[in-house]
2 protein chains.
Amino acid sequence: MSTAPAPGPLPDEQGSRHGPPDGRAVGFLLSQLGLVVSRQFAEVIAATGLEPREFALLRAIAGAEGSTQNAMSDRLGIPASTLVAVVDHLEAGGFLERHTHPLDRRSRTLHVTEQGRATLASAMRLAMGYEQQLCGDLAPEERAVLLDLLDRLASRVGVTEGVHPGLTSGASDPSCGPLA
Amino acid sequence: MSTAPAPGPLPDEQGSRHGPPDGRAVGFLLSQLGLVVSRQFAEVIAATGLEPREFALLRAIAGAEGSTQNAMSDRLGIPASTLVAVVDHLEAGGFLERHTHPLDRRSRTLHVTEQGRATLASAMRLAMGYEQQLCGDLAPEERAVLLDLLDRLASRVGVTEGVHPGLTSGASDPSCGPLA
DNA sequence: TATTGTTATACTCTATAACTATA
DNA sequence: TATAGTTATAGAGTATAACAATA
């Protein structure tokens, strides 16, 4: 699947009245902003040694201590084979540990270490700081309005709450089909 | 550069008042929406045989007929070596032609064919249709408000109008630095 | 010697599918 | 026979640098 961006705003064609009345495109802006915000977010939390999806996984485990890799794979939409590498890296960094499941020795349960929790908290603070900075020009009511509008687009477009499509295996993703 | 997505919304930590008051994150929503919208847009215009960046290039050339590859490379922020493949594909599809520059035989000027123009117009209609569908739940004033808010975020975050960061070479991109 | 376009190389990312050890 | 995790392999995409033709 090509994850290539939308190519530009959509100026009116003279005469035809199909397009937006102002020649600007919500889709293009979202595509631009989404990419830039993702990159900047990655830069911001890089100070903690975490990549975004490692942060996401660590947070998910912290909220469901002792889950198996399989469970996490399902929950985050990350293919099992991909998850292995992420867990490897987090374990090598001392952020989490694998234990063998007491009842099923095929399974590994995942546990956040003390260092993992500290790092997670620190990454959380950085993330919230970035959110504040990103919205620094917006009055609180404006931010509320923006959140509402984005939420409506998100539900229209078929985005699952809290699950990022970038972590999901894209090819067989139905939400990625012709149109929602 | 990792273009990995932001990992999730940001629930309040009890006590500390650094985060958003509602536990939802504009950054995360933008990251989610941007990716999904990009994918859907690609699906929508795929009917024309164009990929998003081919669409972008074809549009740019149509608006600056006879430009050289170098000029286009600069303008869109696509590395010259990458542009070659895109132009190759567009030329093979009959959408544009390379001519040798009359004054400098190193340079190739780019020209949209008749078929290219027809296809471009068709892709444009599809794109505008997608924009309409995307914003179908929004009243016109709401859409105007959304555009205004997104524009303000975009300028704050350092997004160049009409230039998509996904086309730009990410590594050496200053707008991708620690923070804007 | 510098520049345009091209090609070659290397590197990252990811998905598919084989493989192991348990069940 | 089926499942959890792992490893291996192959493909897409892209950036870097070498290259040929021209200036």
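Sequence lines set the chain letters: A, B, ... in the order given, protein chains first and strands last, and positions in each chain run from 1. Small disclaimer: the values here were computed from a predicted structure and weren't measured.
The stretch residues 61-76 of chain A comes close to DNA chain D through A/Thr68, A/Gln69, A/Asn70, each having a heavy atom under 4.0 Å from the strand.
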Quick one, B/Thr119 with B/Thr48, criterion side chain to side chain donor-acceptor pair (under 3.5 Å). Give me CA distance, side-chain angles, the key distance, then yes/no.
CA-CA 6 Å; B/Thr119 304; B/Thr48 65; over 6 Å; no
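As rounded to whole Å, 7 Å separates atom P of C/dC13 from atom CD of A/Glu51. Whole-Å rounding puts the B/His101 NE2 to D/dA23 P distance at 10 Å. Rounding to whole angstrom units, NE2 of residue A/His99 and C1' of D/dG5 are separated by 17 Å. As rounded to whole Å, 14 Å separates atom C1' of C/dT12 from atom NE2 of A/His89. The separation between B/Leu110 atom CG and C/dG5 atom P is 8 Å, rounded to whole Å.
Residue pairs that meet the ring-ring contact (aromatic ring centres under 6.0 Å, His included) test with at least one member in residues 63-84 of chain B, sequence neighbours left out, do not exist here. Residues in residues 28-38 of chain B take part in no salt bridge (charged side-chain N to carboxylate O under 4.0 Å, His left out) pair, two or more places apart or across chains. Counting only residues at least two apart or in different chains, salt bridge (charged side-chain N to carboxylate O under 4.0 Å, His left out) contacts with residues 77-96 of chain A comprise A/Asp88-A/Arg98, A/Glu91-A/Arg98. Residue pairs meeting the ring-ring contact (aromatic ring centres under 6.0 Å, His included) criterion with at least one partner in residues 82-116 of chain A, sequence neighbours excluded, are A/His99-A/His111.
A donor-acceptor pair under 3.5 Å links the side-chain atoms of A/Arg156 to the main chain of B/Gln133, judged by distance alone.
The bend of the helix from C/dT1-D/dA23 to C/dA23-D/dT1, defined by the angle between the axes of its first five and last five pairs, stands at 30° to the nearest 10°.
Applying the side chain to side chain donor-acceptor pair (under 3.5 Å) criterion to B/Arg105, with sequence neighbours excluded, gives no partner residue. For the salt bridge (charged side-chain N to carboxylate O under 4.0 Å, His left out) test, residues two or more places apart in sequence or in another chain that qualify with A/Glu65 are A/Arg117. Scored by the side chain to side chain donor-acceptor pair (under 3.5 Å) test, B/Asn70 finds no partners at all (sequence neighbours excluded). Residues satisfying the side-chain contact (heavy atoms from CB on, under 4.5 Å) test with A/Ala64, not counting sequence neighbours, are A/Ser67, A/Met72, A/Arg75.
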What string of B, S and - do you get for nucleotides 17-23 of chain C, 5' to 3', if B is base contact, S is sugar-phosphate-only contact and - is no contact with any protein heavy atom under 4.0 Å?
B---BBS
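When distances run from any side-chain atom of A/Arg108 to the nucleotides C/dA15, D/dG5, C/dT6, the shortest one goes to D/dG5.
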Donor-acceptor contacts under 3.5 Å from residues 147-155 of chain B side chains, at least two apart:
from     : atom 1 : to       : atom 2 : distance (Å)
B/Asp151 : OD2    : A/Arg24  : NH1    : 2.3
B/Arg152 : NH1    : A/Glu142 : OE2    : 2.9
B/Arg152 : NH2    : A/Asp137 : O      : 3.0
B/Arg152 : NH2    : A/Glu142 : OE1    : 2.9
B/Ser155 : OG     : B/Arg152 : O      : 3.1

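In terms of phosphate contacts, B/Arg53 brings a side-chain nitrogen or oxygen within less than 4.0 Å of OP1 or OP2 of D/dT14.
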